[in-house]
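Here the structure is laid out as structure tokens; the discussion comes afterwards.
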Amino acid sequence: MDKKDEIQIQFNMDTTDELELKMDKYLRGGKLTNLEQMKDKKLRTQLTIREQLYGKSAKAAAKAEKWLMPSEGGYLETEGIEKTWNIRQEAIAREVDISSARKQFDIILPELGPYTLDFTSSGRYMAIGGRKGHLGIVDMINLSLIREMQVRETVRDVVFLHNELFFAAAQKKYLYIYNREGTELHCLKEHGAVSRLQFLEHHFLLASVNKFGQLHYQDITMGAMVGNFRTGVGRTNVMQQNPFNGVVGLGHSSGTVTMWKPTSSAPLVKMLCHHGPVSALAFHSNGHLMATAGQDKKIKLWDLRKFEALQILPGHASNLDFSQKGLLACGNGSFVQVLGDSSGSQNYSRYMTHSMVKGYQIGKLVFRPYEDVLGIGHSQGWSSILIPGAGEPNFDSWVANPFETSKQRREKEIKTLLDKLPPETIMLDPSKIGSVRTAKKDKKTKQERDAEMEAAVEGVKGAKLKNKTKGRNKPGKVAHKKQEALAKVKRPYIEQKVQEEEDIIRKKQKTSEGVELPKSLERFARKKAST
């Protein structure tokens with residue numbers, strides 16, 4: 001074998017290993033390992049064929065990513081003792097191309113602020129909402145204003161629905177839905193005076209929390225109110241959804257974070273995160289990392305698989321947001337700090353900093369999808385700054401296409417409606433949805449146990465004993481041996497019966513101890529033995 005063949009074999013091995021790593025990203029959930037335990041042969045065959053198809057599609061997607069992806073993610077690289085957080089926006093604008101430099105701008109509207117922002121899933125369109133009633137939609141590629149209007153009342157939050165044709169605005173008294181042309185379509189009075197909004201795109205649910213601490217879920221396809229719950233912990237201005245599983249997180253003034261789903265009136269999780277009010281909340285796109293900021297001047301990173309703090313950083317933040325690549329933006333006052341995980345071990349450190357003009361108060365931080373851009377809504381308008389390495393460099397046109405035509409948008413809308421997930425699929429661990437439950441062994445009834453014991457006894461009675469030597473085959477000894485055999489067969493059944501009776505007695509004692517009797521009946525209660 002010559003050197004050329006060795007190089008070719010090594011290259012093929014490296015390519016195979018790389019493809020296997022990329023395949024894990026495209027596999028639809030974990031592989032079903034318990035298919036052999038299934039009793040239904042037809043279902044087992046169908047699931048086996050489906051798993052093979054999923055494996056083939058994941059391999060094809062991994063090959064496409066390796067050989068067809070045109071772009072690679074950028075990042076800031078320094079030389080010597082230079083630090084990345086010392087690099088200013090002016091220096092970045094001088095080095096990037098013309099199209100990227102256009103993404104860095106400031107829009108000053110001091111009479112209508114502070115502003116809140118939201119982007120579509122493709123990152124092409126941005127919705128703006130000024131506290132003094134200014135609403136608008138901006139095309140971020142052409143940098144053109146599509147529509148703006150003045151509603152002449154307070155606007156607290158805006159959010160896009162499933163595409164750029166519809167958006168919701170939380171106004172002074174009610175929640176309103178508008179179309180792209182600025183026409184009012186719906187007034188949702190059931191939500192009340194909404195303070196924060198979130199849209200769950202895979203479930204077509206509009207989630208809101210109002211000033212009384214009520215959480216509402218409304219299905220925008222049918223108009224039905226899916227959930228209406230009282231959080232029981234007062235008013236909150238901190239609300240964020242986990243993009244991994246659709247769970248909505250709320251931050252409260254007691255320092256707790258609660259997580260909700262539309263089919264449960266009680267929170268799925270209630271965890272104490274800070275010793276003061278929670279001021280900001282953000283979820284990583286992988287669903288396992290959560291960032292919180294509190295009035296106790298601490299920023300904490302949490303592992304949601306174990307619900308424990310991974311890292312505690314000093315500092316205060318009124319806004320938090322994760323980018324597609326895992327960068328964490330923290331905003332406070334007129335200062336923005338971006339934290340990065342350079343080592344990949346979820347150990348965040350300072351990556352970039354940016355100072356607004358003195359006096360600008362930051363109201364909202366949002367990373368633009370598929371772009372290295374951070375949108376900032378502040379008291380004097382809104383701004384856009386460049387954050388290298390923030391966005392996913394390659395978009396999937398089947399998921400989010402910034403250049404889609406009206407025909408593609410219609411087809412995508414129909415497809416997403418057909419693939420709409422029911423509210424019951426929202427849970428902390430969505431991987432359980434694709435798993436197969438193993439059949440549990442049913443407990444035998446009393447009649448079945450008695451019949452089994454009688455069959456065992458009849459088998460022992462009918463068994464013939466071996467002939468022994470002289471003196472060991474007497475009738476008395478034979479009868480004794482048969483009695484021993486019968487007792488040996490009956491023993492497990494009798495022990496099981498006694499154990500069940502003891503469990504029932506123990507449960508009755510626990511329930512009776514937990515119930516307080518009226519004074520007139522206390523003298524009949526069983527007294528505890530004195531030690």
Side-chain angles (χ1 to χ4, degrees), residues 65 69-75 89 92-93 96-107 115-129 135-147 157-168 180 197-202 240-241 243-244 282-286 319-329 331 336 338 352 354 364-377 382-406 408-409 412-413 415-416:
E65 180 183 350
M69 288 296 185
S71 303
E72 293 183 359
Y75 54 91
Q89 289 295 312
I92 295 174
V96 297
D97 56 281
I98 297 174
S99 62
S100 297
R102 290 177 69 231
K103 298 170 186 174
Q104 188 187 84
F105 58 84
D106 294 289
I107 304 295
Y115 276 84
T116 182
L117 313 173
D118 188 50
F119 290 100
T120 56
S121 58
S122 64
R124 172 159 188 171
Y125 298 95
M126 180 179 70
I128 58 170
L135 293 175
I137 299 178
V138 181
D139 187 339
M140 298 300 292
I141 292 181
N142 302 325
L143 292 179
S144 60
L145 183 66
I146 295 174
R147 182 67 59 185
D157 202 4
V158 291
V159 66
F160 274 113
L161 301 188
H162 55 284
N163 56 29
E164 73 276 6
L165 297 182
F166 305 97
F167 68 97
R180 182 173 173 171
L197 288 170
Q198 287 291 314
F199 181 70
L200 283 62
E201 59 180 349
H202 299 298
Q240 194 67 37
Q241 67 156 313
F244 176 68
F283 290 96
H284 196 284
S285 57
N286 63 12
N319 288 275
L320 294 173
D321 191 43
F322 275 106
S323 72
Q324 289 179 316
K325 285 295 187 180
L327 298 181
L328 176 62
V336 180
V338 180
M352 285 188 69
H354 176 69
K364 188 73 176 284
L365 292 177
V366 187
F367 279 102
R368 182 178 166 190
Y370 303 102
E371 295 286 350
D372 293 343
V373 172
L374 175 65
I376 306 171
W382 70 90
S383 303
S384 177
I385 62 173
L386 299 178
I387 307 293
E392 177 66 39
N394 301 288
F395 63 87
D396 186 350
S397 60
W398 293 103
V399 177
N401 185 6
F403 306 102
E404 67 182 359
T405 62
S406 58
Q408 289 173 332
R409 185 179 62 238
K412 181 185 174 184
E413 189 172 12
K415 185 177 183 300
T416 50

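- Remark: Glu164 engages Arg409 in a salt bridge, criterion side-chain N to carboxylate O under 4.0 Å.
- Between Asp321 atom CG and Phe283 atom CZ the span is 12.0 Å, to the nearest 0.5 Å.
- How far OG1 of Thr116 is from CG of Leu365: 10.5 Å, rounded to the nearest 0.5 Å.
- Between Lys103 and Glu371 a salt bridge is recorded (basic side-chain N to carboxylate O distance below 4.0 Å).
- Nearest approach of Phe322 to His284, heavy atoms of both residues: CD1-N, 3.5 Å.
- No side-chain donor-acceptor contact under 3.5 Å links Gln104 to the backbone of Ala101.
- Ring orientation note: the planes of Phe395 and Phe403 are tilted relative to one another, at an angle of 30° to 60°.
- With sequence neighbours excluded, the residues satisfying salt bridge (Lys or Arg N to Asp or Glu O under 4.0 Å) with Lys325 are Glu392.
- Checking side-chain atoms of Arg147 against main-chain N and O of Ile137 turns up no donor-acceptor pair under 3.5 Å.
- Residues passing the side chain to side chain contact (heavy atoms under 4.5 Å, CB included) test with Asp106 are Ile108, Ser383, sequence neighbours excluded.
- Formation of a donor-acceptor pair under 3.5 Å by the Asp118 side chain with backbone atoms of Val158 is not found in this model.
- A donor-acceptor pair is defined here as one N or O able to donate and one able to accept, closer than 3.5 Å; no such pair exists between the side chain of Lys364 and the backbone of Gly377.
- No side-chain heavy atom of Glu201 sits less than 4.5 Å from a side-chain heavy atom of Asn163.
- To the nearest 0.5 Å, atom CE of residue Met140 and atom OG of residue Ser122 are 11.5 Å apart.
- Checked options Leu117, Leu145, Leu143; the residue passing with Val138 is Leu145 (criterion: side-chain contact (heavy atoms from CB on, under 4.5 Å)).
- Put simply, the side chain of Ile141 reaches to within 4.5 Å of the side chain of Pro402, judged on heavy atoms.
- With values rounded to the nearest 0.5 angstrom, Ser285 atom OG is found 7.5 Å from Gln324 atom CD.
- Across every non-hydrogen atom of Ala390 and Leu327, the tightest pair is CA-CD1, 3.7 Å.
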| request: Test Leu386 against Asp372 for side chain to side chain contact (heavy atoms under 4.5 Å, CB included), laying out the working first. | output: CA-CA 6 Å; Leu386 299 178; Asp372 293 343; 5.7 Å; no

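- In this structure, the separation between CZ on Arg124 and OH on Tyr370 is 15.0 Å, given to the nearest 0.5 Å.
- At a cut-off of 3.5 Å, with distance as the only test, no side-chain donor of Gln89 or His354 sits close to an acceptor on the other residue.
- By the 30° and 60° cut-offs, the orientation of the rings of Phe160 relative to Phe167 is perpendicular.
- Smallest separation of non-hydrogen atoms from Phe367 and Ala329: CE1-CB, 3.5 Å.
- Taking the side chain as every heavy atom from C-beta outward, Met352 and Leu374 never approach each other to under 4.5 Å.
- For the residue pair Ser121 and Ala400, the shortest heavy atom distance occurs at O-CB, 3.7 Å.
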| query | Can you check side chain to side chain contact (heavy atoms under 4.5 Å, CB included) on Thr416 and His162, steps first, answer last? | reply | CA-CA 9 Å; Thr416 50; His162 55 284; 5.6 Å; no

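- Taking OH of Tyr125 as the reference point, atom CG of Asp139 lies at 5.0 Å (rounded to 0.5 Å).
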